[in-house]
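Have a look at the structure below before the remarks.
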Amino acid sequence: MTIFGTRPEAIKMAPLVKALAGREDLESLCCVTAQHREMLDSVLEIFSIKPDFDLNIMEPSQTLSTITTKCIAGMEQVLQTARPDLVLVHGDTSTTFAGALAAFYRKIPVGHVEAGLRTGDIYSPFPEEMNRRLVSDIATLHFCPTEQNCRNLAEEHITKGVFRTGNTVIDAMKATVREGHRFSDPRLNTLGEGERRIILITCHRRENYGAPMEHIMKALRRIADTFADTELVYPVHLSPAVRRTAEQYLSGHPRIHLIEPLDVLEMHNLLARAYLVMTDSGGLQEEAPALGRPVLVLRRETERPEAVEAGTVKIAGTDEEQIVRMASELLEDPDAYARMAHAVNPYGDGLACRRIADAISWHFGMRDTPPEPFGV
Ligand code: UD1
Ligand code: UDP
């Protein structure tokens with residue numbers, strides 16, 4: 001049984017749900033918590049996934065405690081009814097942690113997709129770093145995207161049931177990125193025409209709420225003011241805390257476009273046309289490098305060092321001056337830009353879901369060999 005609830009989990013679990021459904025040797029069930037509603041449903045629709053169970057827990061301005069308790073209570077019922085042999089959770093959200101804990105309470109083994117990411121700081125990202133650590137302790141199977149992720153687990157003495165699979169987001173991108181994509185919002189079809197450069201923005205992390213987010217927004221406005229050939233496109237997260245801040249600092253500027261969240265097809269294709277990405281999102285740090293788009297990370301650290309090492313991602317932090325300085329360098333200096341703008345795929349090869357499904361079959365004794373690790 002796959003369990004997920006937010007937009008990023010849905011994007012990364014969708015190709016796995018499809019891969020599991022296509023297997024003769026496995027029966028696949030899908031449970032969504034709907035920690036996100038509209039942003040989840042949009043992904044389910046694009047990938048034609050009809051969940052078997054839907055806990056529908058989302059409420060406005062939900063707290064970490066309400067998400068977690070509603071998920072655990074709902075999952076208890078679902079697990080009692082469905083009695084799966086394995087539960088699969090993804091990444092580091094409240095749904096992830098609650099899903100794993102609910103399975104543990106019923107002594108159902110857990111497989112953790114996107115395992116082994118670490119920053120080393122339990123308050124950043126908050127609460128995600130702690131969620132993924134706790135799930136690592138609960139899980140029996142750990143599907144790590146990269147070698148670094150496997151090493152992180154080994155340092156915590158987790159060496160059994162660890163598979164290096166690549167990240168399923170690269171599998172998802174195979175289905176979404178298309179040459180000549182036409183956007184449903186006509187503005188997006190013309191924004192990057194001529195000499196104009198699209199800067200794609202997202203910013204939503206809880207640890208950035210308040211002063212850090214205000215500094216980020218001020219920096220973005222200064223960048224738009226300084227570089228007249230840029231168009232800043234910011235699909236704003238539906239979180240009320242995020243929307244208030246974005247509106248307050250960025251509205252009313254002719255070249256800053258605050259738009260509604262894009263569906264994943266539109267988002268990946270916009271990414272393919274962006275000149276630069278500025279984001280605190282985890283998923284975008286994996287997707288943009290695959291398309292050769294430089295990323296400035298609007299956080300103090302990252303659990304995804306691979307693309308930093310490959311040179312396509314830099315940590316800009318949340319200090320206004322530093323963000324302006326780093327973006328200006330990329331916008332003014334073609335050599336600095338060229339050094340970052342090359343496609344790298346340290347996170348996957350598009351075969352992660354097959355490896356995960358094979359590893360599950362092997363775990364249950366239905367295959368003689370484990371899958372070949374990603375990156376060999
Ligand atoms: C959560 C995840 C975070 C992930 C992010 C992805 C946790 C602890 N955090 O962030 O890891 O990066 O999702 O987006 O699980 N809302 C809607 N409709 C939607 C989605 C959200 O209205 O479809 C609004 C609701 O008012 C909701 C609020 O957004 O209360 C915040 O959603 P929430 O899941 O609590 O977001 P985060 O915890 O910030
Ligand atoms: N995304 C999207 N529409 C948007 C913004 C983001 O489809 O308007 C996608 C993005 O391409 C990536 C995922 O959502 O696949 C990232 O999710 P998010 O930033 O919400 O969470 P994170 O990755 O930080 O956990």
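Atoms within each ligand, like the ligands themselves, are counted from 1 in listed order.
Nearest protein heavy-atom contact of atom 17 (O) of ligand 2 is Pro8 CB, 3.6 Å. Atom 1 (N) of ligand 2 has Met267 CG, 3.5 Å as its closest protein atom, hydrogens excluded (heavy atom only). The protein heavy atom nearest to atom 4 (C) of ligand 2 is Arg7 NH1, 3.1 Å. Protein heavy atom in closest approach to atom 16 (C) of ligand 2: Ser281 OG, 3.6 Å. Of the protein's non-hydrogen atoms, Ile11 CD1, 3.8 Å is the one closest to atom 13 (C) of ligand 2.
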Any protein N or O within less than 3.5 Å of an N or O in ligand 1? List each pair with its distance, or say none.
unit_1: ligand 1; atom_1: 9 (N); unit_2: Glu128; atom_2: OE2; d: 3.2
unit_1: ligand 1; atom_1: 11 (O); unit_2: Glu128; atom_2: OE2; d: 2.5
unit_1: ligand 1; atom_1: 11 (O); unit_2: Arg205; atom_2: NH2; d: 3.4
unit_1: ligand 1; atom_1: 12 (O); unit_2: His204; atom_2: NE2; d: 2.9
unit_1: ligand 1; atom_1: 12 (O); unit_2: Arg205; atom_2: NH2; d: 3.3
unit_1: ligand 1; atom_1: 13 (O); unit_2: His36; atom_2: NE2; d: 3.2
unit_1: ligand 1; atom_1: 14 (O); unit_2: His237; atom_2: NE2; d: 2.8
unit_1: ligand 1; atom_1: 15 (O); unit_2: Gln35; atom_2: NE2; d: 2.8
unit_1: ligand 1; atom_1: 15 (O); unit_2: Ser94; atom_2: N; d: 2.9
unit_1: ligand 1; atom_1: 18 (N); unit_2: Glu38; atom_2: OE1; d: 2.7
unit_1: ligand 1; atom_1: 23 (O); unit_2: Arg37; atom_2: N; d: 3.2
unit_1: ligand 1; atom_1: 23 (O); unit_2: Glu38; atom_2: N; d: 3.1
unit_1: ligand 1; atom_1: 23 (O); unit_2: Glu38; atom_2: OE1; d: 3.1
unit_1: ligand 1; atom_1: 23 (O); unit_2: Met39; atom_2: N; d: 2.8
unit_1: ligand 1; atom_1: 26 (O); unit_2: Ser61; atom_2: N; d: 3.3
unit_1: ligand 1; atom_1: 29 (O); unit_2: Ser239; atom_2: N; d: 3.3
unit_1: ligand 1; atom_1: 30 (O); unit_2: Glu59; atom_2: O; d: 2.9
unit_1: ligand 1; atom_1: 30 (O); unit_2: Ser61; atom_2: N; d: 3.1
unit_1: ligand 1; atom_1: 30 (O); unit_2: Gln62; atom_2: N; d: 3.1
unit_1: ligand 1; atom_1: 32 (O); unit_2: Gln62; atom_2: NE2; d: 3.4
unit_1: ligand 1; atom_1: 34 (O); unit_2: Gln35; atom_2: NE2; d: 2.9
unit_1: ligand 1; atom_1: 34 (O); unit_2: His36; atom_2: NE2; d: 2.8
unit_1: ligand 1; atom_1: 34 (O); unit_2: Gln62; atom_2: NE2; d: 3.1
unit_1: ligand 1; atom_1: 35 (O); unit_2: Gln62; atom_2: NE2; d: 3.1
unit_1: ligand 1; atom_1: 35 (O); unit_2: Arg206; atom_2: NH2; d: 2.9
unit_1: ligand 1; atom_1: 38 (O); unit_2: Arg206; atom_2: NE; d: 2.7
unit_1: ligand 1; atom_1: 38 (O); unit_2: Arg206; atom_2: NH2; d: 3.0

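A donor-acceptor contact shorter than 3.5 Å is absent between the side chain of Asn167 and the backbone of Gly348. A donor-acceptor contact shorter than 3.5 Å links the side chain of Arg132 to the backbone of Leu117. At distances below 3.5 Å, at least one donor-acceptor pair connects side-chain atoms of Lys18 with backbone N or O atoms of Phe47. When atom types are taken as modelled, the side chain of Tyr234 and the backbone of Cys203 share a donor-acceptor pair closer than 3.5 angstrom.
In this structure, Arg197 places its CZ atom where more than 12 heavy-atom neighbours from other residues, nucleotides or ligands lie under 6.0 Å away. For Phe104, the CZ atom sits in a loose shell: 12 or fewer heavy atoms of surrounding residues, nucleotides or ligands are nearer than 6.0 Å. Atom CD of Glu27 sits in a sparse spot, with 12 or fewer heavy atoms from other residues, nucleotides or ligands closer than 6.0 Å. Within a 6.0 Å radius of CD in Glu45, no more than 12 heavy atoms belonging to other residues, nucleotides or ligands are found.
In plain terms, the two heavy atoms of Ser281 and His204 that are nearest each other are CA-CE1, 4.1 Å. Among all heavy-atom pairs drawn from Leu153 and Cys144, the shortest one is CD1-SG, 3.5 Å. In this structure, Arg221 and Ile256 approach most closely via the heavy-atom pair CA-CD1, 4.1 Å.
Remark: ligand 2 atoms within the under-4.0 Å shell around heavy atoms of Pro235 are 8 (O). Interface of Pro261 with ligand 2, defined as ligand atoms under 4.0 Å from a residue heavy atom, comprises 8 (O). Within ligand 2, counting atoms from 1 as listed, the ones closer than 4.0 Å to a heavy atom of Gly282 are 22 (P), 23 (O), 24 (O). Near Leu262, meaning under 4.0 Å from any of its heavy atoms, are these atoms of ligand 2: 2 (C), 3 (N), 4 (C), 7 (O), 8 (O). Per-residue contacts place Val264 under 4.0 angstrom from the following atoms of ligand 2 (heavy atoms of the residue considered): 7 (O). Near His268, meaning under 4.0 Å from one of its heavy atoms, ligand 2 places the atoms 11 (O), 15 (O).
In terms of N/O distances under 3.5 Å, ligand 2 is not approached by Thr202. Of the N or O atoms in Asp280, none lie within a sub-3.5 Å distance of an N or O in ligand 2.
Under a 4.0 Å heavy-atom criterion, Glu9 is not in contact with ligand 2. For Lys12, the heavy-atom gap to ligand 2 stays at 4.0 angstrom or more.
If you look at Glu266 next to ligand 2, there are no close heavy atoms at all, none under 4.0 Å. Under 4.0 Å from ligand 2, the heavy atoms of Glu287 that appear belong solely to its side chain. The proximity of Glu128 to ligand 2, defined as any non-hydrogen pair under 4.0 Å, does not occur for either the backbone or the side chain.
For Phe374 and Phe163, the ring centers sit 6.0 Å or farther from each other.
Look at Glu128 and Arg205 and you find a salt bridge, because one of the NZ, NE, NH1 or NH2 atoms lies within 4.0 Å of a carboxylate O, short of that distance.
When only modelled atom types and interatomic distance are considered, Ser65 and Thr68 share no side-chain donor-acceptor pair under 3.5 Å.
Of the options Cys203, Pro125, Ala172, Gly283, the smallest heavy-atom separation from atom 23 (O) of ligand 2 is shown by Gly283.
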### Task
Could you check Asn152 against Glu156 for side chain to side chain donor-acceptor pair (under 3.5 Å), going step by step and ending with a plain yes or no?
CA-CA 7 Å; Asn152 291 341; Glu156 294 167 21; over 6 Å; no
